[in-house]
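Reading through the structure tokens given below for one structure.
Reckoned from all heavy atoms, side chains included, excluding hydrogens, waters and symmetry mates.
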Amino acid sequence: MPEQLRYDGRVVVVTGAGAGLGRAYALLFASRGASVVVNDLGSNRHGDGSSTASADAVVQEIRQSGGKAIANYDSVLDGAKIIKTAIETFGRIDVVVNNAGILRDVSFMKMTEAQWDTIHNVHLKGSMKTTQAAWPYFIKQKYGRIILTSSNSGLYGNFGQTNYSSAKLGLVGLANTLAIEGAKKNIYTNVIVPTAGSRLTEDLLPPDFHDQLKPELIAPVVFWLCHENCIENGSIIETALGWAGKCHLVRSSGCVLRQNLSASVTPENVQENWSKVIDMTSAKRFDSIQDVTGEFFGLIENLKNETSSNKTDHVLRSNYNYRDVILYALGVGATVQEPSNIRYLYENADGFAVLPTFYISYAPMGCMSSSILQDALPNTQIDPTRILHGEQYLEVCKQLPTEATVETRFKIQDILDKGKGAVVIIQHDTYNVANEEKLSTGQISIYIIGAGGFQGKRTSTHATSTVDPPGRKPDVTVIQQTNVDQAALYRLNGDYNPLHMDANVAAMAGFKRPILHGLCSLGFSTRHVLQTYAAGDPYLFKAIKVRFAKPVLPGQTLRTDMWRNGNRIHFQTSLVETNIPVITGAYIDLLDVKTEIPRANPCSGKENVQSDAIFTTIGEQVKLNPDQAKKVNAVFLYNITVGGKPVSEWTLDLKNAEVHKGKPKSGKADATLTVEDTDMIEIALGKLNPQLAFMRGKLKITGNIMLTQKLKTLMETNKAKL
Ligand code: NAI
């Protein structure tokens, strides 16, 4: 048990202590040894009238319990008199709890100046006057604790309370500065935001709720905040019902509205960037005004760098036509088997279109073919095997033509020192040469291994942040296997880095074999998101942001997990074989969502059955080792379910060494296995023991159960491939 927190020898002033919260505070302080000045004007709820009765009653209650207390009947506007009572009676002052309050609720339309002044006087000016009278004692004794009482009405607003809410938020401002001015002298100021049943709230809250909101549940929080052991300072603590939490202001990471220090900002710049200005997804808190101005100094430096890097713009000019458009689509796994992909693969198809991530391929192309990285890090030997594509952002500004001459302009935005490595952030804007229209804007972050340690800054105000997906299970999942020749195909889009083809170069970079282009996996997931949430309509695509977390080997299977949050589709791409995430913190912003798929339906439709990939892999292995399969000499039918509903059927015809979707061609299976899609994945990956699954009813088997024992060997052989 911790030692009891005490206030022996301490003197506490509680204003408005004749009723409600103040009374509960005074009783608790006195019960733990404090000498308490019970201040209360004894006015009614609206601040009219006065009476000594309420303060006297509380003092009497304290004394009857053996505590020390004195009444004071002054208004908090005469704060000096309240503090004088403390000094004259008890010889010192240690704690001021500014609690007194009244209401004059009225709509803004009808509010009079007197109603404004009365409320501001009691809450804001009264707290200031009482605290200011105690302040010199606090400074002298190098000790003091102050509570200012705010309200949710101040933090969030409340109809009919303009006078009250503004005074209550004024108290937060007062506390912010008192916390700074007092910190060095051990004077700590905090704000309490209570919700309690009292005469102030009796007609505002439903009776049952009002009765639960006991002031005694709030008093211990105020008690702790004022204790000498508590070092909290400058905080806003909200509390009710025996719960407490800290509140603070946060700010979005915002958006720079001009290109460099000499550029001006037009109202149109503001309009264009407004969604970024108000995007709170990477909002953060600042601890001090210095932190805020520090960011502004950094911004000036960045804008200066922009001015100099403007001079070193790099440009890549390219022509493309329908062949390039189709090649890109094939490179990122578009297939005629998926009806919504035909428009990317056939120039005469209805609505033939460019996959919206097409221009993303210009980003690494420009970085590899120009001296931009060398310009960014002039003292570093740029070695292609030491370069990693870290993050990527792309936003489409106009509908992309299916054939054009385009110019992509590259600009170094920031060079970050990450200790072991350096990150170069490069903006790339692609323009239609024919009419100078900006078609897309993007940002590539390149990590250069071993190039850090130059004492540079670690973070950038330019960087577009990744955003983690919601904590819930994915709303929708799409699985697609890449081809063993995927990198060989994708590179024809212009990224000829040998890392993706040459085993020796891959070995030098520390990989077992050549890895797939990160942008190729990105293209797979983009299609998955578009076919799921945009009915395959590329024109609904607005922007994408991803972080490349781990490499993919050509031939591995990608699983795109998706979560919808309004028009933002969060996604994470993982390898089915290892369950390792390869693309993280990713999202696609759509202009609109077009889908038949309900928000939280885990798997629906053919494409979303995860175990399809497992059976495809088993099928490939069976084809490679038909004799081994034939030894089993049995036909198995798998019924795959999602949420108990059948979604897919697979036949393992091991008599004929054949695996195919649907029922056995012979019409008869030796054994039928029914299992949930997710359990099938777990079994195949060796994470769920099939016998255990059977015992627990997760795997249901009809027919010749004994024969299924033989499947174990087959599964084990395939586990290594999964
Ligand atoms: P209450 O009405 O029960 O107690 C307030 C006390 O302050 C009364 O005894 C009143 O006589 C006294 N008082 C009023 N004007 C005074 C003055 N000029 N000088 C000295 N004493 C004066 O109200 P309650 O609910 O206990 O409120 C306490 C504080 O908490 C107030 O500042 C209120 O604004 C604040 N608050 C209360 C909430 C609640 O849910 N009860 C919610 C948010 C804030």
Side-chain angles (χ1 to χ4, degrees), residues 325 327-335 338 341 344 354-368 387-396 400 408 426 428 430 440-447 464-469 477-483 486-487 489-495 497 499-500 515-534 538 540-554 556-563 568-576 580-590:
V325 168
L327 190 61
Y328 174 75
L330 286 171
V332 298
T335 161
E338 166 57 47
N341 286 180
Y344 307 125
V354 182
L355 253 169
T357 44
F358 179 68
Y359 290 168
I360 240 171
S361 51
Y362 293 138
M365 233 193 281
C367 295
M368 298 304 287
I387 296 175
L388 297 174
H389 194 161
E391 293 186 13
Q392 182 66 54
Y393 175 74
L394 185 87
E395 189 177 329
V396 170
L400 304 183
T408 303
I426 297 167
H428 51 94
T430 301
S440 77
T441 178
Q443 186 183 66
I444 180 169
S445 302
I446 295 182
Y447 187 82
T464 305
S465 308
T466 52
V467 182
D468 287 336
T477 291
V478 174
I479 292 187
Q480 193 181 0
Q481 191 175 10
T482 64
N483 192 289
Q486 205 72 51
L489 183 61
Y490 183 83
R491 68 193 291 270
L492 300 180
N493 293 299
D495 186 342
N497 188 336
L499 184 64
H500 305 294
I515 60 170
L516 192 57
H517 305 70
L519 288 185
C520 177
S521 311
L522 172 148
F524 269 72
S525 290
T526 303
R527 286 190 306 93
H528 296 164
V529 171
L530 285 179
Q531 74 199 39
T532 307
Y533 284 108
L540 292 181
F541 177 98
K542 187 173 165 225
I544 184 169
K545 171 74 193 181
V546 302
R547 178 192 296 128
F548 298 110
K550 285 273 186 286
V552 176
L553 299 176
Q556 287 185 310
T557 308
L558 299 174
R559 185 184 77 226
T560 308
D561 291 326
M562 295 168 248
W563 295 258
R568 173 162 287 186
I569 312 301
H570 297 272
F571 71 92
Q572 175 165 295
T573 312
S574 303
L575 293 173
V576 168
I580 290 176
V582 291
I583 293 179
T584 59
Y587 63 83
I588 286 181
D589 284 336
L590 297 172

Could you report the tightest heavy-atom contact between [X] and [Y], atom names first, then the distance?
| X | Y | answer |
| --- | --- | --- |
| Val354 | Pro538 | O-CB, 4.0 Å |
| Phe541 | Thr526 | CE1-CG2, 4.1 Å |
| Gly518 | Phe548 | O-CE2, 3.2 Å |
| Gln481 | Phe524 | O-CE2, 4.1 Å |
| Pro581 | Ser574 | CA-OG, 3.5 Å |
| Ile446 | Cys367 | CD1-SG, 3.7 Å |

Say you draw a straight line from [atom1] of [X] to [atom2] of [Y]; how long is it, rounded to the nearest 0.5 Å?
| X | Y | atom1 | atom2 | answer |
| --- | --- | --- | --- | --- |
| Lys545 | Leu522 | NZ | CG | 11.0 Å |
| Leu394 | Thr430 | CG | OG1 | 7.5 Å |
| Tyr587 | Ile544 | OH | CD1 | 9.5 Å |
| His528 | Ile588 | NE2 | CD1 | 11.0 Å |
| Leu530 | Leu590 | CG | CG | 6.5 Å |
| Asn341 | Leu355 | CG | CG | 7.5 Å |

With no hydrogens and no angle check, is any side-chain donor or acceptor of [X] less than 3.5 Å from a backbone partner on [Y]?
| X | Y | value |
| --- | --- | --- |
| Glu391 | Thr466 | no |
| Gln556 | Leu553 | yes |
| Lys550 | Ile580 | no |
| Asp589 | Ala543 | no |
| Gln480 | Gly333 | yes |
| Gln486 | Gly331 | yes |

From the list Thr482, Ile479, Ile583, side chain to side chain contact (heavy atoms under 4.5 Å, CB included) partner of Leu558 resolves to Thr482

Q) Are the side chains of Thr584 and Asp468 in touch, meaning some heavy atoms are under 4.5 Å apart? A) no

Those residues at least two apart in sequence (or on a different chain) that pass ring pair (Phe, Tyr, Trp, His ring centres under 6.0 Å) with His517 are Tyr490, His500

State whether a side-chain donor-acceptor pair under 3.5 Å links [X] with [Y].
| X | Y | result |
| --- | --- | --- |
| Glu395 | Tyr393 | yes |
| His428 | Gln392 | yes |
| Ser521 | Thr573 | no |

Residues passing the salt bridge (charged side-chain N to carboxylate O under 4.0 Å, His left out) test with Arg559, sequence neighbours excluded, are Asp561

